[in-house]
2 protein chains.
Amino acid sequence: MTMTRIPAVERRSALVAAALRVVAERGVAQATTRAIVAEAGMSLASFHYAFASRDELMAELIRHVVAREGAAILGDAEHTEPAPLRRILREGLQRYVDHLTSDPLREKAMLELTQWALRSPSMQPLARLQYERYHALAAEALGSAAARSGTLWLHPLPDLARLLVSLTDGLTIAWLVDNDEGATTALIDLAADTLAALGRPAEESPHR
Amino acid sequence: MTMTRIPAVERRSALVAAALRVVAERGVAQATTRAIVAEAGMSLASFHYAFASRDELMAELIRHVVAREGAAILGDAEHTEPAPLRRILREGLQRYVDHLTSDPLREKAMLELTQWALRSPSMQPLARLQYERYHALAAEALGSAAARSGTLWLHPLPDLARLLVSLTDGLTIAWLVDNDEGATTALIDLAADTLAALGRPAEESPHR
DNA sequence: GTCTATAAAGTGATAGAC
DNA sequence: GTCTATCACTTTATAGAC
């Protein structure tokens with residue numbers, strides 16, 4: 001009748017994965033320890049064997065989602081052939097919207113986790129970490145877009161990155177609220193236009 | 001020893017006001033009926049005399065904040081003398097940032113209320129209403145900015161409004177996370193530039 | 001109408017058997 | 001290490017005295 005012995009680290013990651021599913025499906029507020037262990041198929045006591053508290057799990061959950069974030073979102077290392085800046089941006093944004101619409105609960109969860117972290121002073125650094133990562137990913141995507149299109153950005157990359165992240169965050173909220181696909185498509189068209197206007201073609205013969 | 005008799009409508013609005021303060025100060029999750037009645041100086045039973053449930057109060061709270069929203073945010077009916085579009089936009093965005101930094105908890109509360117509403121099917125229409133209002137306010141502000149600057153927008157006003165709202169939403173989250181004033185200033189500079197590029201000077205003699 | 005008291009159903013966390 | 005059972009507490013909501 002006794003369950004098999006599972007290393008603590010495995011239990012921890014299983015609980016983190018279960019917690020992410022529960023948060024996505026039902027929200028942070030409903031992600032109780034009981035709901036999480038039920039999702040993970042464990043007993044309540046096992047939870048507290050692996051984690052000292054619910055907050056400790058939530059902190060690990062945020063670290064987890066931040067770490068595995070964004071591989072395939074805005075940037076896409078596959079495409080490297082030259083293309084116009086506007087088209088690269090448009091495709092990157094479309095890729096993000098596709099990601100959002102195909103799994104909206106995931107992005108809803110990310111937003112909720114950020115705001116949950118903002119309510120507790122000890123968790124605030126985690127939210128900060130999360131957005132530093134977003135900004136870094138956006139800067140990287142914009143940098144490679146410039147290289148691919150032979151463009152020179154007319155503004156500091158960090159500023160442009162913050163603009164892009166703010167735009168996608170806002171886009172996400174608006175879509176989660178009204179599910180308006182047409183308006184979202186128009187929005188990323190507009191956004192790609194305006195962002196592309198912030199770059200200028202670099203000199204010819206880029207390396208001499 | 002008996003408390004004075006207070007009309008139900010007054011109790012309701014007093015509770016809504018108290019709830020808004022509690023949500024701003026401690027977050028939606030901590031806005032329990034007990035915390036709210038304590039803030040309002042009432043007994044718990046009085047709460048349930050005025051409202052059937054906590055959800056009913058929360059719904060009324062959202063309706064309340066949506067209704068009284070945005071009078072003095074982006075648009076500003078005082079200024080009507082002509083000015084360049086870019087400057088009008090820059091000042092409007094700065095006004096929003098001033099509002100945000102002077103009372104960050106209020107904007108944090110608005111974001112939390114939206115996401116709370118998104119978790120319950122019956123409340124989702126309220127979030128929708130909230131964003132319809134945002135978009136309408138933004139469209140109005142952009143329309144009057146165009147008139148004041150003698151500009152013609154090159155894209156449909158609703159699309160531009162959605163862009164502006166998304167931008168300010170994202171800007172808000174980023175600032176709430178890292179409190180980076182310099183980055184926010186750079187962001188609204190950039191945003192004003194890019195938005196202004198979406199308009200063209202109208203023909204001279206605007207009415208003949 | 002307004003109160004105190006309490007019901008009924010959660011919650012995070014722990015004790016202690018195995 | 002893993003379980004069941006339970007503690008101590010909080011939550012929303014209601015009964016019933018006044």
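Per chain, numbering begins at 1; letters A, B, ... match sequence-line order. Just so you know, these numbers come straight off a predicted model, no measurement behind them.
Taking the six-membered ring where the residue is Trp, B:Tyr134 and B:Tyr131 present perpendicular rings, their angle passing 60° and hence far from 30°.
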### salt bridge (Lys or Arg N to Asp or Glu O under 4.0 Å) evaluation trace for A:Asp169 with A:Arg162
CA-CA 10 Å; A:Asp169 263 2; A:Arg162 195 182 184 90; over 6 Å; no
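Note on residues 24-49 of chain A: pairs passing ring pair (Phe, Tyr, Trp, His ring centres under 6.0 Å), not counting sequence neighbours, are A:Phe47-A:Phe51. For residues 146-177 of chain A, no pair satisfies ring pair (Phe, Tyr, Trp, His ring centres under 6.0 Å), with sequence neighbours left out. Under the salt bridge (Lys or Arg N to Asp or Glu O under 4.0 Å) criterion, the residue pairs touching residues 34-45 of chain A are A:Arg21-A:Glu39, with sequence neighbours excluded.
The separation between A:Phe47 atom CZ and D:dT4 atom P is 17 Å, rounded to whole Å. Going from atom CD1 of A:Ile36 over to atom P of C:dA13 covers 11 Å, rounded to whole Å. The distance from atom CG of B:Asp55 to atom P of D:dT11 is 16 Å, rounded to the nearest whole Å. For the pair A:Tyr49 OH and C:dC18 C1', the computed distance is 15 Å after rounding to whole Å. Between the C1' atom of C:dC3 and the CZ atom of B:Arg11 lies a distance of 10 Å, rounded to the nearest Å. Taking atom CG of A:Leu15 as the reference point, atom P of D:dT2 lies 11 Å away to the nearest angstrom. Between A:Ile6 atom CD1 and D:dC3 atom C1' there is a gap of 13 Å when expressed in whole angstrom units. Distance B:His48 NE2 to D:dT11 P: 12 Å, rounded to the nearest Å.
Between A:Asp180 and B:Arg128, none of the side-chain N atoms (NZ, or NE/NH1/NH2) sits under 4.0 Å from a carboxylate O, so this pair counts as no salt bridge. Looking at B:Glu56 and B:Arg12, a side-chain N of the basic residue comes within less than 4.0 Å of a carboxylate O on the acidic one, giving a salt bridge.
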For nucleotides 4-11 of chain C, tabulate all protein N/O to nucleotide N/O atom pairs closer than 3.5 Å, reporting atom names and distance.
none

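Partners of A:Pro82 by side chain to side chain contact (heavy atoms under 4.5 Å, CB included), not counting sequence neighbours: none found.
Of the side-chain N and O atoms in B:Ser46, one or more sit less than 4.0 angstrom from OP1 or OP2 of C:dC3.
Side-chain contact between A:Leu105 and A:Met110 is absent, with no heavy-atom pair separated by less than 4.5 Å.
Helix-axis bend for the helix from C:dG1-D:dC18 to C:dC18-D:dG1: the local axis fitted to the five terminal pairs at one end deviates from that at the other end by 20°, rounded to 10°.
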